[in-house]
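Scroll down for the structure; my scribbles are underneath it.
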Amino acid sequence: MSADYGLELIEAEILYTGMGLPIRNGAVVVSAQTIAAAGDAAQLRAQYPQARTGRQVSVVSPPPVNAHAHLDMSDYAFQALPYFRWIPEVVIAGRSLRGLAGARRGLETVQASGTAALGDIVWPGTPEVMEWLLTEAEMSGVAYWEVLDPNPASAEATFHQVVLDVERFRTLERPGGMRLGLSPHAAHTVSHKLHKLLADLARREGLPMQIHVAEHPSELELFSSGTGPLAESFLRMVGFTTPGLSLAETLGREPGPDLTPVSYLADLGVLDARPTLIHMVNVTPQDIRLVAQSGCAVVTCPRSNANLECGTFGWAEFAAAGVEVALGSDSVASGETLNIHDEFRAARAIHPDLDPRLLVRAAVKGGHRVLGSKAPFLRRGEVWDERYLWPERP
Ligand SMILES: [Zn+2]
């Protein structure tokens with residue numbers, strides 16, 4: 001019997017159909033650009049003996065999602081430094097590099113790497129990037145408008161401006177394009193007053209939120225004792241704009257041994273607005289319980305965390321607690337590239353003991369959950385797309 005060259009059986013170490021859990025040793029059968037079957041490789045080989053075989057890949061799945069990036073920093077050079085030095089010496093020192101030109105180049109990388117959707121943080125110094133993302137960029141996902149203001153005395157004024165910005169940006173959203181979101185930058189760079197106002201606004205307006213939380217060990221130290229390298233560099237930076245502002249004024253309370261960035265946000269009621277929490281590397285078991293109870297999702301950026309000496313995300317602990325985890329690249333300045341497949345391969349290397357099926361699910365379903373979009377299903381009758389074959393290690 002001659003082989004039916006119209007049918008091809010492609011084998012994968014991991015198959016994720018977009019439904020249920022990914023499986024090991026899976027396969028898809030493709031005929032005339034249409035999926036004829038997806039499932040266990042041995043079963044499909046028996047069922048389709050006439051199918052052409054030979055292609056074997058590590059992952060067959062809907063394309064992954066990059067749930068956290070900073071496109072407007074794409075003209076920065078990559079630089080590994082401890083987080084508390086990286087912020088002033090790289091991010092702030094290089095801010096003239098931020099803007100639309102970099103964002104356009106960044107999006108090209110994201111598109112070329114086969115990313116299904118993007119969560120992008122937009123710096124308030126470059127509103128033209130937000131306008132472009134909402135009106136023109138060929139990508140789905142969420143563009144989060146970043147807010148930074150540690151001074152509670154200016155919380156009302158800053159909030160008023162954010163309300164105006166949100167009203168204006170909302171008129172620019174278009175079907176199929178990116179949606180608007182909000183990003184209070186971090187637990188300690190937005191005052192307690194402003195955190196509450198922003199969380200209420202997000203809840204009222206149905207705006208998705210992302211917040212950088214518990215990124216580096218020095219952030220835990222800042223909340224528990226008000227000392228350490230992050231507290232020092234933060235107060236030095238604040239000194240230029242708001243001389244004399246103390247950490248207790250920003251936080252609305254004194255730092256204390258039981259205070260963590262996560263418990264602080266929970267106490268303020270911010271977690272009730274179900275923001276997506278970015279990084280979450282330096283957390284306590286109680287923090288993980290709080291996040292699980294609140295239903296917040298988490299985005300991990302493994303390369304950025306390694307490069308900024310943040311530590312390793314406790315993926316297994318979050319997964320065991322039932323927290324939705326997604327994958328993000330962060331900016332090129334800490335994450336090296338915006339290619340989510342690079343991030344996925346790095347995640348496998350950084351978490352060698354983790355079931356890789358969990359990583360695939362996070363990169364796809366976790367990301368779509370964060371951004372409010374949907375993965376296509378790989379099932380009989382659906383159109384086949386070669387982007388379902390994830391690229392191998394270069
Ligand atoms: Zn980030």
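One-based numbering, in listed order, for ligands and for the atoms of each.
The Zn ion (ligand 1) lies under 2.8 Å from an N, O or S atom belonging to His68. Among the atoms of Cys301, no N, O or S atom is found under 2.8 Å from the Zn ion (ligand 1).
No other N/O/S atom of Asp330 lies as close to the Zn ion (ligand 1) as OD1 does. Nearest N, O or S atom of His212 to the Zn ion (ligand 1): atom NE2.
Remark: the backbone N or O of Glu215 is paired with a side-chain donor or acceptor of Asn282 at under 3.5 angstrom. Checking side-chain atoms of Asp72 against main-chain N and O of Thr126 turns up no donor-acceptor pair under 3.5 Å.
Under the 4.0 Å criterion applied to side-chain N and carboxylate O atoms, Arg369 and Glu324 are assigned as salt-bridge partners. The pair Arg55-Glu386 counts as a salt bridge, with a side-chain nitrogen and a carboxylate oxygen less than 4.0 angstrom apart.
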